[in-house]
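Here the structure is laid out as structure tokens; the discussion comes afterwards.
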Amino acid sequence: MKATWDIFCSVVDNYGDIGVTWRLARQLVAEHEQGVRLWVDDLQAFARLCPQADLAAERQWQHGVEVRHWPAEWQPVEAADVVIEAFACHLPPVYVAAMAAKGQVLWLNLEYLSAEDWVGGCHGLPSLQASGLAKYFFFPGFSRDTGGLLREAGLLARRQAFQTDPEARRAFLAELGVQLQPGARLISLFAYENAALAGWLDALAAGATPTQLLVPQGRILADLQAWLKLDELAVGGSWRRGNVQVHVLPFVRQEQYDLLLWSCDFNAVRGEDSFVRAQWAGRPLLWHIYEQDEHAHWDKLQAFLDRYRQGLSPAADAALAGLWRAWNAGEGMADSWSACLQSWPELSEHAEHWCTEQAAQSDLAATLVLFYRNWISCAA
Ligand code: TRH
């Protein structure tokens with residue numbers, strides 16, 4: 001059943017809001033043949049993920065998605081069949097009135113990702129709004145009672161084919177200006193400013209195995225620059241300190257970022273979307289969680305760790321939890337990194353196992369489409 005969808009994205013900061021909605025919009029078009037308009041209030045942020053985007057266009061088509069600039073002065077349009085307000089952004093009142101006038105519009109608030117237990121109980125619940133319309137809360141998540149995670153069809157097969165093709169990996173990295181050093185461990189680094197970075201890099205620099213650290217342009221660069229004792233870090237540049245070779249990369253398009261994660265032995269990621277993509281990479285990861293008021297992010301971090309660590313031996317479990325806590329607290333990483341290295345084969349196997357387990361659940365786009373089908377058949 002082809003329906004029209006309006007997805008509203010207000011860019012708070014960073015790239016997670018637009019990263020998730022842009023990925024979802026493309027998937028609804030490509031795999032479910034839905035008609036999707038993506039309303040974005042910040043086309044600059046969109047253009048980081050979709051470099052061919054036209055910054056001046058009020059309306060443009062990208063990958064079959066109608067991308068609309070969400071203007072400060074809203075111009076009335078007809079409401080879609082399904083309306084997603086991403087991450088509790090506020091819909092224009094005139095648009096809400098258009099939804100009420102149209103009738104039979106499914107209104108969803110797509111929530112931030114969390115592994116906390118309460119999420120399953122709240123997923124899919126309606127809340128009556130002043131307009132008389134019901135708004136449903138849609139939660140992505142890691143358990144079957146949630147909406148699942150964004151995962152495109154065939155993603156894992158593509159990932160596995162890439163990871164078993166050394167030439168594909170070599171060619172991709174060469175495109176980014178990175179020559180693989182024999183025997184080196186490859187680590188990607190995408191994080192917010194982090195006081196723990198220097199301690200971790202010291203440990204890597206002193207390690208027996210050489211490390212190639214691949215760092216796309218972003219907020220961590222100032223800490224990296226300080227550790228390298230440089231005045232500037234130019235994109236495309238490469239520097240060595242001890243046993244670490246640092247490569248500063250451009251911020252690549254989303255599809256290439258997947259290849260980067262698939263190429264690495266270990267991925268440091270952040271926020272929401274890169275965090276999920278690193279899980280699909282099937283390799284051990286380190287999560288820099290987005291900091292929230294009143295330290296609410298610590299509960300979220302713990303909730304994910306509680307799920308993710310199930311099945312690990314006590315040693316691997318303690319090593320991983322210690323590393324993640326130190327990274328997020330900005331503390332010393334040397335001991336927990338060394339403990340992780342000792343449990344490396346187990347952590348690697350576990351990452352693949354976790355990925356397979358998560359992939360056995362329905363993906364977020366599919367659960368959204370199903371939710372709409374069920375809703376419309378009840379409403380009919
Ligand atoms: O940019 P983020 O820190 O976004 C955050 C989080 O989503 C957080 O939950 C939210 O509250 C806050 O924004 C407002 O991290 P995230 O979610 O990983 O988004 C980054 C996006 O950028 C993701 O889609 C991957 C993409 N990306 C690229 O396309 N190319 C790159 O080179 C890199 C490093 C990332």
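Along the sequence shown, residues carry numbers from 1. All heavy atoms count here, side chains included; hydrogens, waters and symmetry mates do not. Just follow the structure's listing: the first ligand is 1, and inside any ligand the first atom is 1.
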Indicate the ring-plane relationship of [X] and [Y], choosing parallel, tilted or perpendicular according to the 30° and 60° boundaries.
X	Y	result
Trp200	Phe266	perpendicular
Trp324	Phe304	parallel
Trp70	Trp74	perpendicular

Exercise: do Gln27 and Asp363 side chains pair donor with acceptor under 3.5 Å: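 On atom types as modelled, these side chains qualify, holding a pair under 3.5 Å.
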
Passing candidate, salt bridge (charged side-chain N to carboxylate O under 4.0 Å, His left out) with Glu255, options Arg158, Arg26, Arg277, Arg159: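 Option passing the salt bridge (charged side-chain N to carboxylate O under 4.0 Å, His left out) with Glu255: Arg26.
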
With Ser143, the side-chain contact (heavy atoms from CB on, under 4.5 Å) member among Gln358, Arg307, His123: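 In the set Gln358, Arg307, His123, the residue that makes a side-chain contact (heavy atoms from CB on, under 4.5 Å) with Ser143 is Arg307.
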
Residues in the immediate environment of ligand 1 (any heavy atom closer than 4.0 angstrom):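 Residues within 4.0 Å of ligand 1: Asp13, Asn14, Tyr15, Gly16, Asp17, Gly19, Leu49, Tyr112, Phe190, Tyr192, Pro216, Phe251, Val252, Arg253, Gln254, Tyr257, Arg270, Gly271, Glu272, Asp273, Ser274, Tyr290.
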
